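Worksheet: the structure to be examined is printed underneath.
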Number of protein chains: 2
Amino acid sequence: MPTINDVAKAAGVSPSTVSYVLSGRRPISAETRARVQAAIAELGFHPHAGARALASSKTNVIALVAPLRVDVNVPVIMQFATAVVTAARSYNHDVLLLTKDEGTAGVERVAHSTMVDALILMDLERDDLRIPALRRLKQPSVLIGLPADHTGIACVDLDFGAAARAALTHLAGHGHRRIGLVGPSPAVYKRQTTYADRFLTGFLEASVDLGLQTVTHPCEPGAEGVRSCMADLDAELAGLTALVVHNEEALRPLLDLLHATGRRVPEDVSIVAICPRDVATAMPVNLTSIDIPAHDVGTLAVETVMRLLDGRRVEYTRLLEPSLVERDSCSEISASHR
Amino acid sequence: MPTINDVAKAAGVSPSTVSYVLSGRRPISAETRARVQAAIAELGFHPHAGARALASSKTNVIALVAPLRVDVNVPVIMQFATAVVTAARSYNHDVLLLTKDEGTAGVERVAHSTMVDALILMDLERDDLRIPALRRLKQPSVLIGLPADHTGIACVDLDFGAAARAALTHLAGHGHRRIGLVGPSPAVYKRQTTYADRFLTGFLEASVDLGLQTVTHPCEPGAEGVRSCMADLDAELAGLTALVVHNEEALRPLLDLLHATGRRVPEDVSIVAICPRDVATAMPVNLTSIDIPAHDVGTLAVETVMRLLDGRRVEYTRLLEPSLVERDSCSEISASHR
DNA sequence: TTGAAAGCGTTACCAG
DNA sequence: CTGGTAACGCTTTCAA
């Protein structure tokens with residue numbers, strides 16, 4: 001493999017000139033630049049990433065810490081990852097993929113060994129143990145999520161509180177007064193994953209503000225989980241006319257259950273789902289939904305990283321406005337249900 | 001950040017000794033080792049990855065090139081990625097995540113700039129343009145898939161041909177003689193994704209060998225795609241009693257369709273699915289299935305990479321035996337259908 | 001069993 | 001506008 005010195009010799013210039021042609025960090029005469037670029041092309045020169053990192057203290061790599069369990073939410077995670085990688089590439093950066101399983105040790109390892117310039121973490125918990133560790137790193141971090149104390153660390157996410165409110169407002173606008181929340185799985189609540197908490201809080205607050213009767217319940221995965229969740233909701237609040245579903249996995253079995261028990265959507269039960277757009281439209285009933293804008297959030301996370309690396313100012317809490325798209329799963333409440 | 005020299009001073013040894021303590025590449029007296037390790041711990045020393053890469057020509061990073069479209073197969077891809085990252089970590093390597101979208105340029109970029117020691121690629125096409133490029137790299141590659149000409153490049157995958165044969169053999173053993181294949185989407189065939197071709201070829205060959213009447217059809221995503229696929233299958237071969245489904249997305253809508261049209265599973269139609277285990281068991285009917293062993297394949301790919309990096313011999317084509325798990329979607333054909 | 005020192009390939013500072 | 005040359009932090013050969 002040719003080195004920068006080989007290129008310099010071939011072009012009849014000094015290595016530093018080659019470096020400056022590459023980086024554009026100082027003016028180079030058109031003629032010299034041309035000679036250098038010709039030499040680079042001819043020799044097939046590619047700068048050595050390690051040498052660069054050593055000399056410049058920049059790796060042009062960012063870490064992405066993802067929850068790689070074969071758990072819930074797989075498509076959403078994939079969308080985040082895709083957005084992050086794509087956006088990173090547009091800034092000439094690459095992405096090192098870590099699993100959340102490695103915990104604090106993982107982020108410290110890659111940061112301390114100077115493998116990355118910055119970190120993006122997803123699936124944060126309320127009191128995430130990694131946060132104090134992140135504060136000690138010399139590299140900046142951006143979180144996808146909003147843990148309790150994130151002082152000094154940039155956070156990006158959908159505004160799940162506002163999303164819950166938007167869902168209830170929409171249903172209330174259609175006359176619904178008795179509404180159930182099919183929540184994420186108990187495991188998600190147990191981990192205190194921040195989006196679940198924020199959604200629930202927003203849901204409860206909006207219930208009060210809008211004068212609604214609501215009931216909430218987590219929902220185990222699988223048909224059986226959905227059945228028991230619905231049984232609980234029905235038992236705790238008779239005459240439910242609408243459901244808010246914050247659980248991607250549950251959507252399909254829920255629709256099956258409603259169908260099997262003769263409750264039509266939207267005639268008997270209206271539904272607002274919180275899920276990616278394509279999930280909402282892949283159901284037997286086209287679901288009115290609030291999108292989880294994984295692409296936007298991922299892209300924004302990368303943009304925030306880049307600002308941080310450039311030493312520019314960033315907003316430390318950036319919550320994206322939810323947007324509800326009306327489809328076919330909500331109807332005006334019928335007179336008989338009032 | 002402390003350097004190896006700081007550690008050396010603190011421990012009263014030379015930098016090379018510290019290096020050897022770290023790498024274990026030469027014997028060190030217990031006493032010296034202890035002093036060095038104490039110094040490392042006290043100073044919180046972590047070797048600089050770039051410096052290491054520069055001096056040793058090893059990055060301890062492998063590239064994973066994944067199809068990050070928000071396309072089909074999302075869960076399977078996720079399982080591969082998880083397995084690869086986990087296995088790589090167990091060999092003290094990290095994973096750089098690339099998208100297939102970058103194509104040849106992407107693999108060349110990371111390889112030429114010495115960001116990685118090896119590459120793992122998934123979602124290979126029959127005549128994949130990247131293969132000639134891979135051959136020119138100094139880093140070894142391992143493919144998850146089996147393109148037409150992979151001379152000199154290690155490939156790992158499920159034996160999809162054998163999987164097709166196993167599915168048909170199972171059904172034939174239950175007396176079925178008229179069998180349809182619900183294939184992947186036309187897009188997958190168009191890309192000539194290797195697993196689709198291999199499955200189809202195996203299916204056709206086994207049909208002949210077993211004396212079966214079969215008919216095959218790709219299947220567009222969505223309920224409509226499934227409907228039209230089934231219509232075609234039924235039209236081309238009357239009296240189908242069994243289906244082989246090589247299309248994860250189609251499973252759910254297919255079961256819905258069969259239910260809606262009054263064809264019971266397995267009483268009227270038997271089904272063998274090719275999909276991850278958890279997908280098979282998440283359906284309304286527990287499906288008899290042939291697992292896509294993403295975890296095993298991903299792990300094996302990493303093991304192969306490590307052997308290659310160690311200069312050990314590897315098998316250049318490693319196709320994992322399919323294993324069919326019997327569940328509730330296949331029955332002996334009833335007399336009326338014979 | 002240990003040390004000394006020559007690289008590894010860039011960058012960026014100091015000169016001119 | 002360009003060149004020379006210390007770093008950057010580690011590994012590894014050569015010597016002892």
Side-chain angles (χ1 to χ4, degrees), chain A residues 1-37 39-40 43-61 92 109-117 138 309, chain B residues 1-37 39-40 43-61 92 109-117 138 309:
Chain A
M1 295 248 99
T3 74
I4 201 171
N5 285 292
D6 300 327
V7 174
K9 268 168 212 151
V13 299
S14 76
S16 56
T17 297
V18 177
S19 176
Y20 286 117
V21 167
L22 252 21
S23 69
R25 288 179 166 293
R26 85 178 179 191
I28 301 279
S29 74
E31 191 210 3
T32 305
R33 189 204 323 287
R35 270 214 321 286
V36 169
Q37 278 166 343
I40 288 175
L43 298 181
F45 167 73
H46 296 266
H48 186 291
R52 249 187 175 168
L54 181 56
S56 69
S57 308
K58 282 185 200 320
T59 62
N60 272 38
V61 175
N92 195 31
R109 181 173 58 77
V110 297
H112 287 153
S113 61
T114 324
M115 298 185 78
V116 301
D117 296 335
K138 63 179 182 209
L309 291 178
Chain B
M1 298 249 94
T3 73
I4 200 171
N5 284 295
D6 300 328
V7 174
K9 268 168 212 152
V13 299
S14 76
S16 58
T17 297
V18 177
S19 176
Y20 285 119
V21 167
L22 252 22
S23 69
R25 287 178 164 298
R26 83 178 179 189
I28 301 279
S29 73
E31 189 209 2
T32 306
R33 189 204 324 286
R35 272 216 316 289
V36 169
Q37 278 164 344
I40 288 174
L43 298 181
F45 166 73
H46 296 267
H48 186 291
R52 239 180 185 176
L54 182 56
S56 68
S57 308
K58 284 187 201 316
T59 63
N60 271 38
V61 175
N92 194 30
R109 183 173 57 77
V110 298
H112 287 152
S113 61
T114 324
M115 298 185 76
V116 301
D117 295 336
K138 65 179 183 211
L309 291 178

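Note that these values count all heavy atoms, side chains included, but never hydrogens, waters or copies made by symmetry. We name chains A, B, ... by the order of the sequence lines, and we start the count at 1 in each one. Predicted model only: the values in this text are computed from it and were never measured.
- Interface residues of residues 3-14 of chain A facing DNA chain C, ordered by number: A/T3, A/I4, A/N5; criterion, heavy-atom separation under 4.0 Å.
- Across B/T3 and B/F45, no two heavy atoms sit closer than the pair C-CE1, 3.5 Å.
- In this structure, B/L43 and B/P2 approach most closely via the heavy-atom pair O-CG, 3.4 Å.
- Applying the side chain to side chain donor-acceptor pair (under 3.5 Å) definition to pairs two or more places apart or across chains, those involving residues 43-59 of chain A are A/H46-B/H112, A/T59-A/D117.
- Nucleotides of DNA chain C lying under 4.0 Å from heavy atoms of chain B occupy a range whose first and last members, 5' to 3', are C/dT1 to C/dG9.
- The closest donor-acceptor contact from the side chain of A/N92 to the backbone of A/N60 lies at 3.5 Å or more, if one exists at all.
- Rounding to the nearest 0.5 Å places CG of A/L22 at 8.5 Å from CD of A/Q37.
- Screening residues 21-35 of chain B for salt bridge (Lys or Arg N to Asp or Glu O under 4.0 Å), with sequence neighbours left out, gives B/E31-B/R35.
- Residues meeting the side-chain hydrogen bond (donor to acceptor under 3.5 Å, both in side chains) test with A/S16, sequence neighbours left out: A/S14.
- A donor N or O paired with an acceptor N or O is not found under 3.5 Å between the base of D/dG3 and the side-chain atoms of A/T17.
- Evaluation of the salt bridge (Lys or Arg N to Asp or Glu O under 4.0 Å) rule for A/R109 yields A/E102, B/D94 as partners, not counting sequence neighbours.
- Annotation: proximity of residues 20-35 of chain A to DNA chain C (heavy atom, distance under 4.0 Å) is found for A/Y20, A/R25, A/R26, numbered in ascending order.
- Proximity of residues 46-59 of chain B to DNA chain C (heavy atom under 4.0 angstrom from any strand atom) is restricted to B/L54, B/A55.
- Listed by chain and residue number, A/L137, A/Q139 satisfy the side chain to side chain contact (heavy atoms under 4.5 Å, CB included) test with A/A111 (two or more places apart in sequence, or in another chain).
- Counting all heavy atoms, side chain and backbone alike, B/A11 lies closest to B/A39 at CB-CB, 3.9 Å.
- Under the 4.5 Å side-chain criterion, counting only non-hydrogen atoms from C-beta, A/V36 is not in contact with A/I28.
- The distance between atom CD1 of B/I40 and atom P of D/dC10, rounded to the nearest whole Å, is 10 Å.
- Comparing the end axes of the helix from C/dT1-D/dA16 to C/dG16-D/dC1, each fitted to five base pairs by superposing C1' atoms of four pairs onto the next four, gives an inter-axis angle of 30° (nearest 10 degrees).
- Between the CD1 atom of A/I4 and the CD1 atom of A/I40 there is a distance of 7.5 Å, given to the nearest 0.5 Å.
- By the side-chain hydrogen bond (donor to acceptor under 3.5 Å, both in side chains) test, B/S113 is found to be paired with no residue, residues two or more places apart in sequence or in another chain being considered.
- The minimum heavy-atom distance between A/M115 and B/V61, with the atom names listed, is CE-CG2, 3.7 Å.
- Listed by chain and residue number, A/S29 satisfy the side-chain hydrogen bond (donor to acceptor under 3.5 Å, both in side chains) test with A/T32 (two or more places apart in sequence, or in another chain).
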